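Notes follow the structure.
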Amino acid sequence: HGDVNVLKIRNDIPRPVIRDDQILVQVMASSINPVDFKYRRNEVPQAVIPKPKIPGHDLAGTVVATGANVTRFKVGDRVAAMISSLGSSWGSAADYAAVKEAYASKIGDYIDFESAASLPM
């Protein structure tokens, strides 16, 4: 939390481990929305646990793994998704993101990842 002077780029973060109801997405694009800058300004600090948190909530990318209970997606699917900000330090400004199956949608080959990441979820 805080201004841009406290943001850090880190390359030592491991891939998230998915739960049975999640997909692992290789992030190709992510976007910024009002929630992201409100968190940076610390307007809702009690909701952001644990800290520090990787920024970002919206993303687009390719499914690289699926949890045991996932039925709507398979490896290789192109998706747009959102990440819940509550109870997780993960965000979409990362190489990989664990996403609940219910928070993702398939995207067609006709839409680029950057445009898909900007879609409101």
Side-chain angles (χ1 to χ4, degrees):
H1 291 76
D3 65 25
V4 296
N5 296 316
V6 299
L7 288 174
K8 297 178 184 174
I9 296 175
R10 294 183 50 190
N11 296 316
D12 60 339
I13 306 296
R15 282 188 190 184
V17 175
I18 57 172
R19 297 188 306 253
D20 289 344
D21 66 339
Q22 291 180 318
I23 58 176
L24 182 64
V25 178
Q26 182 178 12
V27 178
M28 304 305 288
S30 65
S31 63
I32 301 296
N33 65 44
V35 171
D36 297 308
F37 72 78
K38 288 176 183 177
Y39 281 163
R40 296 298 326 146
R41 291 192 316 209
N42 219 18
E43 291 181 12
V44 286
Q46 70 282 0
V48 183
I49 299 171
K51 297 174 186 172
K53 179 172 177 20
I54 297 171
H57 292 85
D58 300 322
L59 64 93
T62 305
V63 175
V64 295
T66 59
N69 297 334
V70 171
T71 59
R72 296 178 29 232
F73 301 99
K74 65 182 184 315
V75 172
D77 283 346
R78 293 165 39 93
V79 297
M82 67 173 273
I83 297 175
S84 174
S85 61
L86 302 178
S88 175
S89 62
W90 298 100
S92 62
D95 293 329
Y96 293 89
V99 178
K100 283 189 173 187
E101 178 181 26
Y103 295 169
S105 297
K106 290 182 184 177
I107 59 172
D109 293 334
Y110 58 88
I111 187 168
D112 60 83
F113 288 118
E114 292 81 4
S115 297
S118 71
L119 296 172
M121 298 300 288

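Side chains included, hydrogens not; waters and symmetry mates left out as well; all remaining heavy atoms used. Note that this is a predicted model, so its numbers are computed, not measured.
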Could you state the interatomic distance from [atom1] ([X]) to [atom2] ([Y]), rounded to the nearest 0.5 Å?
X	Y	atom1	atom2	answer
Ser31	Glu114	OG	CD	11.0 Å
Ile107	Arg78	CD1	CZ	4.5 Å
Asp95	Arg15	CG	CZ	9.0 Å
Met82	Leu59	CE	CG	10.0 Å
Lys100	Ile83	NZ	CD1	12.5 Å

If every non-hydrogen atom of [X] is compared with every non-hydrogen atom of [Y], which pair is closest and at what distance?
X	Y	result
Tyr96	Leu24	CB-CD1, 4.0 Å
Ser92	Val27	O-CG1, 3.6 Å
Ala81	Val99	CB-CG1, 3.6 Å

Side chains of [X] and [Y]: closer than 4.5 Å at any heavy-atom pair?
X	Y	result
Phe113	Thr62	yes
Glu101	Asn69	no
Ile111	Leu119	yes

Looking at Asp12, I want to see if its CG is surrounded by more than 12 non-hydrogen atoms of other residues, nucleotides or ligands under 6.0 Å.
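More than 12 heavy atoms, drawn from other residues, nucleotides or ligands, come within 6.0 Å of this atom.
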Check: [X] side chain, [Y] main-chain N or O, donor-acceptor pair, under 3.5 Å:
X	Y	answer
Thr66	Lys74	no
Ser105	Ala80	no
Arg72	Ala104	yes

Check the hydrophobic clustering (I, L, V, M, F, W, Y; side-chain heavy atoms under 4.5 Å; chains of links allowed) and say if Val25 and Tyr103 are grouped together.
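Yes, same cluster.
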Could I get the full list of side-chain contact (heavy atoms from CB on, under 4.5 Å) partners for Ala98, not counting sequence neighbours?
Pro16, Ile18, Gln22
